[in-house]
Amino acid sequence: MNPFTYARPDSVDKALGELRTNPTAKFIGGGTNLIDLMKENIEHPTRLVDVNRLPLGGISELPDGRLRLGATVTNAETAYNELVKTRYPLLSQTILAGASPQLRNMATNGGNLFQRTRCYYFYDTSMPCNKRQPGSGCAAIGGYNRIHAILGTTSGNADATSPTACIATYPSDMAVALAALEAVVQVTGPNGERSINFADFHRLPGNEPQRDNTLEANEIVKSIDLPAKGFTENHTYLKLRDRSSYAFALVSVAVGLEMAGNTITDARIALGGVAHKPWRKPEAEQLLVGKAATPENFQLAADNLLAGAIGYGHNTFKIDLAKRAIVRALGEATN
Amino acid sequence: MSVKTLTPPAVQLAAKADTRGPARPMPKPGMVTFRINGESKTLSIAPWTTLLDALREYANLTGTKKGCDHGQCGACTVLVNGTRINSCLTLAVMHDDHEITTIEGLANEGGLHPLQTAFINHDAFQCGYCTPGQICSAVGLMNEGQAKTEADVRELMSGNICRCGAYPHIVDAVMEAIKK
Ligand SMILES: Cc1cc2nc3c(=O)[nH]c(=O)nc-3n(C[C@H](O)[C@H](O)[C@H](O)COP(=O)(O)OP(=O)(O)OC[C@H]3O[C@@H](n4cnc5c(N)ncnc54)[C@H](O)[C@@H]3O)c2cc1C
Ligand code: SF4
Ligand code: FES
Ligand code: FES
């Protein structure tokens with residue numbers, strides 16, 4: 001780790017001031033991603049601003065029925081919170097499918113949103129990587145890319161020497177459920193408060209693979225707000241990985257459905273492990289609305305969701321795996 | 001089984017850029033006070049010292065082990081205010097005023113902690129390197145109160161890797177302590 005100084009402000013204004021006066025300062029939540037990346041010589045902040053004693057804690061119900069998850073609440077506290085368990089069991093299940101109990105006890109809801117890709121070449125400072133060192137190329141294209149993306153990587157991205165190519169996936173489990181639940185991220189910064197719909201929070205690599213999300217410089221996440229609709233009856237999180245616990249997803253599926261008898265009246269399907277952001281496709285979800293919950297209908301939705309997927313060699317198996325995972329997850333959620 | 005050869009990346013190695021920026025003056029160490037195993041300790045340490053290194057190198061408590069140093073093995077598990085965490089991925093300065101419990105702090109005059117006794121009774125280790133982390137993790141698991149069945153214990157102890165593969169006996173030991 002490089003030397004740095006440490007600050008523990010007690011107000012959001014002071015925390016924002018720290019970043020404003022020092023462009024190489026960074027927030028630290030649980031530290032479980034940032035400290036790891038600092039040890040790996042990927043991140044080198046000169047000052048760490050601890051967010052844990054800011055008044056951004058707590059889980060509270062808002063008057064209009066939404067549930068507000070504080071940015072500094074840990075992943076474990078969130079997953080085991082009674083309101084979350086009863087109103088958003090999908091979120092609880094999804095958080096508990098990620099990392100380990102010790103890590104979930106440290107990781108914060110804010111920090112989880114910003115965890116960086118697990119691409120091996122991103123971690124290897126001797127390799128080209130447009131995300132780590134913009135313009136250097138992408139070692140994963142033509143390299144070992146078993147964990148990489150199959151969706152949202154434009155065809156121009158197929159060239160390993162392209163200065164903007166990136167086929168990384170975003171590794172969070174929690175974010176997959178937040179995408180399905182259509183959470184809203186509340187942030188504040190130099191230009192005041194704003195709300196970011198979850199679908200717009202993370203981004204595709206486009207021409208700036210170094211940017212994972214749409215938070216602006218010097219902004220801070222205050223809370224993640226969940227709309228009232230919780231899909232408490234028909235939901236599931238299916239996570240497929242190399243071992244049954246303590247491993248990142250190869251492919252994961254969060255499903256939330258509303259049903260009238262055997263007919264689906266509302267459907268949300270979000271995929272993890274397949275793209276640079278949690279992946280949703282409203283058109284595929286619409287295919288299920290008004291339809292009976294049958295394996296044939298599930299298959300139609302799965303095929304539609306994966307249409308246009310591109311394999312890069314070692315990860316091509318993910319296309320079929322994702323389709324089967326969707327069919328199975330929909331089956332589990334409707335049972 | 002045929003072995004598949006991996007294609008090497010089609011691009012050339014990037015010149016290793018030094019992304020750390022210009023050299024900067026070294027920040028000074030600061031004072032951190034926390035309670036370790038019931039005793040108040042003030043240490044003069046630099047901000048980049050992890051809690052794990054603070055315990056091992058500054059507080060001379062080497063019971064807590066360093067396995068991976070990256071949150072992947074659980075050997076460094078300690079309890080902070082009763083909650084289990086990986087001490088390798090947190091900074092000591094972040095724990096000012098916190099109550100830290102390590103493996104050295106579990107036994108008292110009354111004898112070993114019930115989980116220590118259970119680990120001995122069930123021979124729940126071989127080399128013993130993962131054991132302090134396993135036991136602290138199991139204490140945290142009991143404080144959390146979520147594990148009821150053997151399957152729960154396996155899942156909720158999955159943050160602790162045992163290279164010797166003592167898992168079945170570890171599960172037995174933890175189950176015994178939970179049932180008591
Ligand atoms: C071995 C291992 C296995 C893991 N397995 C999984 C897994 O299976 N599934 C999974 O989903 N995750 C997994 N994780 C990742 C883990 O969930 C993340 O590291 C964690 O959620 C990050 O949260 P944090 O609070 O520790 O973030 P930190 O490391 O503290 O911060 C991460 C980033 O977020 C920024 N930040 C923090 N809070 C705020 C805020 N309020 N506003 C703006 N910026 C902020 C920081 O500046 C930093 O850049 C694993 C991690 C490890 C080490
Ligand atoms: S996939 Fe993205 S993160 Fe991985 S090497 Fe390519 S540019 Fe870097
Ligand atoms: S040493 Fe901390 S988890 Fe391995
Ligand atoms: S007893 Fe040897 S690693 Fe667990």
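Just so it is clear: chains get the letters A, B, ... in the order the sequence lines come, proteins before strands, and each one is counted from 1. Just the heavy atoms: all of them, side chains too, but no hydrogens, waters or symmetry mates, feed the values below.
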Taking C-beta and beyond as the side chain, do [X] and [Y] meet within less than 4.5 Å on heavy atoms?
| X | Y | value |
| --- | --- | --- |
| B/Leu91 | A/Ile28 | yes |
| A/Leu34 | B/Leu89 | no |
| B/Asp96 | A/Arg8 | yes |

Mind checking the OH-CE spacing from A/Tyr246 to B/Met157? Nearest 0.5 Å is all I need.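 Those atoms lie 11.5 Å apart.
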Between [X] and chain B, with a heavy-atom cut-off of 4.5 Å, which part of the residue counts as in contact: side chain, backbone, both or neither?
| X | result |
| --- | --- |
| A/Arg104 | side chain |
| A/Asp50 | side chain |
| A/Thr74 | neither |

Checking A/Leu48 against B/Met94 for the side chain to side chain contact (heavy atoms under 4.5 Å, CB included) test, could you report, in this order, the C-alpha distance in whole Å, the side-chain angles of both residues, the deciding distance, and whether it holds? CA-CA 10 Å; A/Leu48 288 184; B/Met94 296 169 74; over 6 Å; no
Testing the basics here: between [X] and [Y], what is the closest heavy-atom pair and its distance to 0.1 Å?
| X | Y | answer |
| --- | --- | --- |
| A/Gln102 | B/Ser137 | NE2-OG, 3.3 Å |
| B/Asp97 | A/Arg53 | OD2-NH1, 4.4 Å |
| A/Asn105 | B/Ile85 | CB-CG2, 4.2 Å |
| A/Pro101 | B/Arg84 | CB-NH2, 3.2 Å |
| B/Pro47 | A/Thr5 | CG-CA, 4.3 Å |

Say whether, by atom type as modelled, one donor and one acceptor occur between the side chain of A/Lys39 and the main chain of B/Asp69 under 3.5 angstrom.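 Side chain of A/Lys39 to backbone of B/Asp69, a donor-acceptor pair under 3.5 Å: yes, one is there.
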Contact leader toward chain A among [options], where contacts are heavy-atom pairs under 4.5 Å:
| options | value |
| --- | --- |
| B/Thr77, B/Leu156, B/Asn86 | B/Asn86 |
| B/Glu144, B/Gln72, B/Gln146 | B/Gln146 |
| B/Thr90, B/Ile161, B/Leu141 | B/Thr90 |

Heavy atoms from other residues, nucleotides or ligands near CG of A/Asn207 exceed 12 (cutoff 6.0 Å):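 Incorrect, the count does not exceed 12.
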Identify which part of B/Ser158 has an atom lying under 4.5 Å from any heavy atom of chain A, answering side chain, backbone, both or neither.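 For B/Ser158, heavy atoms of backbone and side chain both lie under 4.5 Å from chain A.
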